[in-house]
Number of protein chains: 2
Amino acid sequence: MSGMPLYLSLQNEILNAISRGAYAAGDLLPTEQEYCDRYGVSRATVRKALENLSADGRVVRKHGIGTYVQMTEVPGQSVKFRGHLEDVLLHDPENSFRRISRQACRFPDDIYKLFGEAVDRQGSVSLSLISRRSKPIMAGLIYLPAPQCEHDVEAAYATTEQPTVMILRSAGIKIARGHQRIRPILVEPEIAALLGVPAGTPLLRGRRVYFDIKGRAVAVVEATYHPTNYEMGIDLLPR
Amino acid sequence: MSGMPLYLSLQNEILNAISRGAYAAGDLLPTEQEYCDRYGVSRATVRKALENLSADGRVVRKHGIGTYVQMTEVPGQSVKFRGHLEDVLLHDPENSFRRISRQACRFPDDIYKLFGEAVDRQGSVSLSLISRRSKPIMAGLIYLPAPQCEHDVEAAYATTEQPTVMILRSAGIKIARGHQRIRPILVEPEIAALLGVPAGTPLLRGRRVYFDIKGRAVAVVEATYHPTNYEMGIDLLPR
DNA sequence: TAGTGGTCTAGACCACTGA
DNA sequence: CAGTGGTCTAGACCACTAA
């Protein structure tokens, strides 16, 4: 219908199907071939639609498996951007990751809410520091619920110094997607000391929530960024 | 060579060509057909490579013209994300834009540097407020160099209340790309009064630089966001 | 092993831009 | 108008995943 490209019509069809509840978060969408048959278009067209939805974070495509539906979000007034998990995982070999401390903890209300369905309010919180050429760039509090695999996570921690989400991966917890909300804070003394800035300095803090393929929150990180050793930049592109 | 997909090899070829100076910012790259002939691959493969570079903000593709090279950036340690110009232009009809004041100004050092080649250090600065359902969400200082088209910009301002970058567009200044750096600040009394928060509150400030197709900075905005009426969110996706 | 998504080709026609 | 990128097709083979 109309002058809209076929792949855009298909994208909208799929989004509508998701939003009217035909597929829930974590469900598998029909296969590419199925869409070809159902709408009478070529596979390249179906792929373009699904790749766009993937780029917009609405679905996750897994080679050999299929296309999963992601959680929908209903933001208020906000600017939302897209980024790559890897950019935040800091796999740059020049960055060093160090875990400062770890302890059991009963989650504060706001953190507990993020985990939603988590069976237990009890978990662990770790304090870590990421540096680059011995200059601190980020201090993070990492909240992990107490799951079956806690032992694997601890074992992975013991063998290597890697950012927490890498550790989660090596413990078999695959992260499909995340979301980070950025806000300004006046830094607390403990974090300030780690970053080497005066307590009370205004800093950027990102609250990251990582989700697995089923849309369950599996980790929450409160990342506090150094004011000058680190830059938060966003490229603005035409649509 | 190796098991790398053809389109990735081509992407790297193009990036290498750019970084060794074969094409400068603002130049046109070879056409799709030219790449097909030169590398002996199909047009779909060439297109995939160029579309990826476009999604990464390294080139801008213009229907009927060709593919332009964008400015390269050499960030220090940073997290870089991608977003859409339109998300920042706030074309949401529920948002209202109001220009509070405008005056001639001699640019401060840091702003002047951003304009780089601007012939004149003299320009204008406007103070504006964007609200949503009569709640303030952003106050912005907009710096514009004094160009030939200043008259057109002012004429556009007089006829409609639109965000500055929309105004620039309607004055014939096409914006190809932008960049925003986010940092925390303690808000000054004037901005605080506009947003309705106490002076000294820690807030997010984005310094946006808008570039035309030739890579020249044509506008700088210092955007200060309301702490609760606005959210800065980033989706984290697998690569 | 069967079925999925990932890559790739060789063609076609259309829509936009500038001269 | 000629030339560009935008959309689309109908095939092919490969790489990955789960059972």
Side-chain angles (χ1 to χ4, degrees), chain A residues 1-14 23 26-56 58-70 169 172-174 176-177 212-214 237-239, chain B residues 1-14 23 26-56 58-70 169 172 174 176 212-214 237-239:
Chain A
M1 56 195 76
S2 75
M4 184 181 284
L6 290 178
Y7 70 87
L8 272 185
S9 306
L10 182 51
Q11 270 178 247
N12 291 334
E13 287 279 346
I14 297 172
Y23 310 100
D27 282 359
L28 276 176
L29 284 177
T31 66
E32 295 180 356
Q33 189 54 52
E34 167 118 19
Y35 278 124
C36 294
D37 300 342
R38 193 184 298 181
Y39 295 97
V41 296
S42 74
R43 190 168 159 229
T45 301
V46 172
R47 280 185 62 76
K48 174 121 185 169
L50 290 173
E51 277 166 3
N52 283 350
L53 291 176
S54 173
D56 286 343
R58 307 301 300 263
V59 303
V60 173
R61 286 155 71 62
K62 291 289 176 185
H63 195 175
I65 304 181
T67 302
Y68 290 93
V69 178
Q70 283 288 28
R169 282 190 178 174
I173 303 174
K174 292 190 186 174
R177 183 180 148 270
D212 66 11
I213 196 89
K214 298 289 187 186
L237 307 170
R239 212 179 265 282
Chain B
M1 56 191 78
S2 75
M4 183 182 283
L6 290 178
Y7 70 86
L8 273 186
S9 306
L10 182 52
Q11 270 178 247
N12 291 333
E13 288 277 347
I14 297 171
Y23 309 101
D27 284 359
L28 277 176
L29 284 178
T31 65
E32 295 180 355
Q33 189 53 51
E34 167 118 19
Y35 277 123
C36 294
D37 301 340
R38 194 183 298 182
Y39 294 97
V41 297
S42 74
R43 191 168 156 227
T45 302
V46 172
R47 281 185 61 77
K48 175 121 184 170
L50 290 173
E51 278 166 2
N52 282 350
L53 291 176
S54 173
D56 286 343
R58 306 302 300 265
V59 303
V60 174
R61 285 154 71 63
K62 292 288 177 184
H63 194 175
I65 305 180
T67 303
Y68 290 93
V69 178
Q70 283 287 26
R169 283 192 177 174
K174 292 189 186 174
D212 66 11
I213 195 90
K214 298 288 188 187
L237 308 170
R239 211 180 266 283

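So that the names make sense, note that chain A is the first sequence line, chain B the second, and so on, each numbered from 1. Here the structure is a predicted model, which means the values were calculated and not measured.
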Does a nitrogen or oxygen in the side chain of [X] sit under 4.0 Å from OP1 or OP2 of [N]?
| X | N | value |
| --- | --- | --- |
| B:Arg47 | D:dG6 | yes |
| B:Tyr7 | C:dT7 | yes |
| A:Thr31 | C:dG3 | no |
| B:Lys48 | C:dT7 | yes |

Mind checking side-chain hydrogen bond (donor to acceptor under 3.5 Å, both in side chains) for [X] and listing every partner two or more places apart, or none if nothing turns up?
| X | result |
| --- | --- |
| A:Thr45 | A:Ser42 |
| A:Asp27 | none |
| B:Asn12 | none |

State, yes or no, whether a side-chain contact exists between A:Thr67 and A:Leu53 at a heavy-atom distance under 4.5 Å. no
Is there side-chain contact between A:Val59 and A:Tyr68, with heavy atoms separated by less than 4.5 Å? no
Whole-Å distance separating the [atom1] atom of [X] from the [atom2] atom of [N]:
| X | N | atom1 | atom2 | value |
| --- | --- | --- | --- | --- |
| A:Glu32 | D:dC16 | CD | P | 16 Å |
| A:Leu10 | D:dC8 | CG | C1' | 13 Å |
| B:Leu50 | D:dT4 | CG | P | 13 Å |
| B:Arg61 | D:dG3 | CZ | P | 19 Å |
| A:Tyr68 | C:dT4 | OH | P | 13 Å |
| A:Gln11 | D:dT7 | CD | P | 10 Å |
| A:Glu51 | D:dT7 | CD | C1' | 14 Å |
| B:Gln33 | D:dA2 | CD | P | 17 Å |

Among residues at least two apart in sequence or on other chains, which ones pass salt bridge (Lys or Arg N to Asp or Glu O under 4.0 Å) with A:Arg61? A:Glu32
Residues in side chain to side chain contact (heavy atoms under 4.5 Å, CB included) contact with B:Pro30, at least two apart in sequence or another chain: B:Tyr23, B:Glu34, B:Tyr35, B:Arg38
Any residue meeting side chain to side chain contact (heavy atoms under 4.5 Å, CB included) with A:Asn52, in chain and number order, not counting sequence neighbours: A:Tyr7, A:Gln11, A:Lys48
How long is the straight-line distance from CG of B:Leu50 back to CD1 of B:Ile14, given to the nearest 0.5 Å? 4.5 Å
Protein within reach of the bases, or only the backbone? For nucleotides 9-19 of chain C, mark each nucleotide 5' to 3' as B, S or -, using heavy atoms under 4.0 Å. B--B--BBBS-
Angle of first-five versus last-five pair axes in the helix from C:dT1-D:dA18 to C:dG18-D:dC1, to 10 degrees: 20°
